[in-house]
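One structure is given here, and the rest of the page talks about it.
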Amino acid sequence: MQIDTQSNPQSKQFPSTEKQKDLSKILAEELLAMGVTDAAMDELGYVYASIPSNTDKHVPVICFCSHVDTAPDCSGTNVKPILHNNYDGKNITLPDDTTQVLSTDEFKYLKQHTGQSIITASGNTLLGADDKAGVAEIMDMANFLITNPEVKHGTIKILFTPDEEIGKGTANLDMQKLGAEFGYTLDGGELGTLEDETFSADAAEITIHGVIAHPGYAKDTLVNALKIAGEILARLPRKNFSPETTDKRKGFVHPVRVEGLAEKAIIEFIVRDFTRQGLKKNTERLQKVAEEVLQKHPKARMEFKVTEQYRNMKEVLNQHPQVAQYAEEAYKKSGLKVKKQSIRGGTDGSRLSFIGLPCPNLFTGMQAIHSKKEWIGVRDMKKAVEVIVNLVQVWEKNTP
Ligand SMILES: [Zn+2]
């Protein structure tokens, strides 16, 4: 947690920050020290490693993946993790900034950790459990499998990626080198949750061309693109169309950036839904709103551009139902009730699923991510390790 691995969305480099490699290098070294003989970090900051099969069966090669970077939203410099042993079930005031209080009202899940150990940051930074919890759990699994050779499994690949938080975790991934058929990201939250569905996502961009004239002599000539942009934004439906008014399975349209001059203005949107039809409907509705506004300004022109961002991983996972099924079996074997969830966002897994590695997301325990109040229960972390150790055995057992 103490190694600063924050990624930077403004950077043009890959990885976006060199410091991410500080952690990746150590992970590769630790894997080598464990006896994972091919572990290495490449020049882009990806760590690849494999644990050889110890069974005669031809078990599909599966991969466990986590990201080393932490979110740009909150500082990751000088993180001071605090281990609270035997947590008393009360509110926790963080020592370095006493306005930061983890209250049991805000985080109902805290109560379930009474008497257990939890880890928090100290008040000035995030903790970085997203996704160093996943990293730690995969490392612990590797160590367990290496030291317990009687546990049967196929070939297991380990992958640590940079820059997930800025949407580029898979940008320079070498799928050939990885050589896995199916994968699991460890990047989820509460104990027992299993995420096999994400949003489908597009970006939409509206460019408005006004008509420019000297403002002193502009009567009946000038058409101000900024004012048209404002009108479009004001006419967006509020209910069932915005992130601030939707939850669960509802998608939305969300303006994220406006830029412009009187002559020309650009509005950028993100469009989200769980289905392709829903995504299309949202995009069409946005276009209709914009066209209606433009009709009132016949001298202005508009361009409407849609760019694909990512697609719901479920489309791919439905073709390989065993990937999520085996995970469910491993959860149950570990004594957990499976809580299937949909992610109102994307993960490395959604991109991995579409570049050939069907990849649901497993829980790690992380809570209140991207914030100074980020915390995690040690019990949940141990359970996550137990689950993935069971999961490799489920794959072996279910292979004829
Ligand atoms: Zn994450």
Side-chain angles (χ1 to χ4, degrees), residues 1-3 5 15 20-69 128 131-164 169-170 172-187 323 326-327 330 334 348-349 352 356-357 359 361-362 364 381-397 399:
M1 315 310 262
Q2 289 168 313
I3 302 170
T5 56
Q20 295 179 62
K21 290 183 181 170
D22 296 347
L23 177 57
S24 300
K25 233 176 273 163
I26 294 173
L27 294 172
E29 281 163 16
E30 285 191 7
L31 283 165
L32 285 171
M34 272 179 211
V36 181
T37 53
D38 68 347
M41 180 188 80
D42 70 7
E43 67 282 7
L44 300 163
Y46 289 90
V47 176
Y48 301 85
S50 28
I51 303 173
S53 168
N54 62 4
T55 172
D56 297 333
K57 294 182 180 179
H58 291 286
V59 185
V61 177
I62 61 168
C63 167
F64 293 100
C65 168
S66 290
H67 61 93
V68 297
D69 64 316
D131 189 17
K132 287 166 182 165
V135 170
E137 288 155 8
I138 292 172
M139 292 295 280
D140 205 22
M141 171 207 70
N143 186 52
F144 182 88
L145 294 180
I146 296 281
T147 50
N148 292 274
E150 72 283 359
V151 173
K152 293 288 173 221
H153 57 79
T155 302
I156 294 159
K157 299 285 180 175
I158 291 170
L159 172 68
F160 297 129
T161 62
D163 284 345
E164 191 268 357
T170 59
N172 289 295
L173 177 61
D174 186 340
M175 290 294 282
Q176 207 89 36
K177 186 168 163 186
L178 182 64
E181 284 169 75
F182 304 106
Y184 299 92
T185 47
L186 273 98
D187 200 10
V323 183
Y326 290 0
S334 311
D348 264 357
L352 286 169
L357 194 75
C359 197
N361 189 30
L362 311 183
T364 65
M381 294 187 71
K382 286 185 178 165
K383 264 299 180 201
V385 179
E386 187 183 331
V387 162
I388 52 179
V389 166
N390 279 328
L391 182 50
V392 300
Q393 296 174 81
V394 169
W395 275 92
E396 200 272 346
K397 175 184 73 87
T399 302

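Remember, predicted model here, so these are calculated numbers, not experimental data.
Partners of S66 according to the side-chain contact (heavy atoms from CB on, under 4.5 Å) rule, which considers only residues two or more places apart in sequence or in another chain, are D131, V135, I138, F160, L186. Residues satisfying the salt bridge (Lys or Arg N to Asp or Glu O under 4.0 Å) test with K21, not counting sequence neighbours, are E18. Residues forming a side-chain hydrogen bond (donor to acceptor under 3.5 Å, both in side chains) with T55 (at least two apart in sequence, or on another chain): E396. For K383, the salt bridge (Lys or Arg N to Asp or Glu O under 4.0 Å) partners two or more places apart in sequence, or in a different chain, are E386. Residues passing the side-chain hydrogen bond (donor to acceptor under 3.5 Å, both in side chains) test with T161 are D348, sequence neighbours excluded. Qualifying side-chain contact (heavy atoms from CB on, under 4.5 Å) partners for E30, counting only residues two or more places apart in sequence or in other chains: I26, M139. With sequence neighbours left out, T155 forms a side-chain hydrogen bond (donor to acceptor under 3.5 Å, both in side chains) with no residue at all. Annotation: side-chain hydrogen bond (donor to acceptor under 3.5 Å, both in side chains) contacts of T185 (sequence neighbours excluded): N361. Partners of P60 by side-chain contact (heavy atoms from CB on, under 4.5 Å), not counting sequence neighbours, listed by chain and number: E181, F182, W395, T399. Every residue two or more places apart in sequence or in another chain that forms a side-chain contact (heavy atoms from CB on, under 4.5 Å) with A49 is listed here: L31, V36, D38, A39, I158. In terms of the salt bridge (Lys or Arg N to Asp or Glu O under 4.0 Å) criterion, K25 has no residue partners (sequence neighbours excluded).
Environment of NZ in K57: crowded, with over 12 heavy atoms of neighbouring residues, nucleotides or ligands closer than 6.0 Å. Other residues, nucleotides and ligands place no more than 12 heavy atoms under 6.0 Å from the CG atom of D56. Taking a 6.0 Å sphere around CD of E150, one finds it holds more than 12 heavy atoms contributed by other residues, nucleotides or ligands.
Here L23 contributes atom CG and I3 contributes atom CD1; the two are 5.0 Å apart, rounded to the nearest 0.5 Å. How far CE of M34 is from CD1 of I51: 8.0 Å, rounded to the nearest 0.5 Å. Here the straight-line distance linking atom CG of D163 with atom OG1 of T5 works out to 10.0 Å at 0.5 Å rounding. Within the model, atoms CE of M141 and CG of L391 stand 9.5 Å from one another, a figure rounded to the nearest 0.5 Å. Going from atom NZ of K382 over to atom OG of S334 covers 14.5 Å, rounded to the nearest 0.5 Å. Taken to the nearest 0.5 Å, the OH atom of Y46 stands 11.0 Å off from the CG atom of L178.
At a threshold of 4.5 Å between non-hydrogen side-chain atoms, the residues V151 and Q393 count as touching. The closest side-chain heavy-atom distance from D140 to M381 is not below 4.5 Å. Contact check for C65 versus L352: side-chain heavy atoms found under the 4.5 Å cut-off. Side chains of L159 and Y48 form a contact here, defined as non-hydrogen atoms less than 4.5 Å apart.
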Take E137 and L362 through the side chain to side chain contact (heavy atoms under 4.5 Å, CB included) test and state the conclusion after the steps. CA-CA 11 Å; E137 288 155 8; L362 311 183; over 6 Å; no
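Contact detail for M41 and S24: the closest heavy-atom pair is SD-CB, 3.5 Å. Taking both residues in full, the closest heavy atoms of G128 and M1 are given as C-CE, 3.7 Å, listed atom of the first, atom of the second, then distance.
Each of I62, V394, L145, V389 was compared with H153 under the side chain to side chain contact (heavy atoms under 4.5 Å, CB included) criterion, and only L145 meets it.
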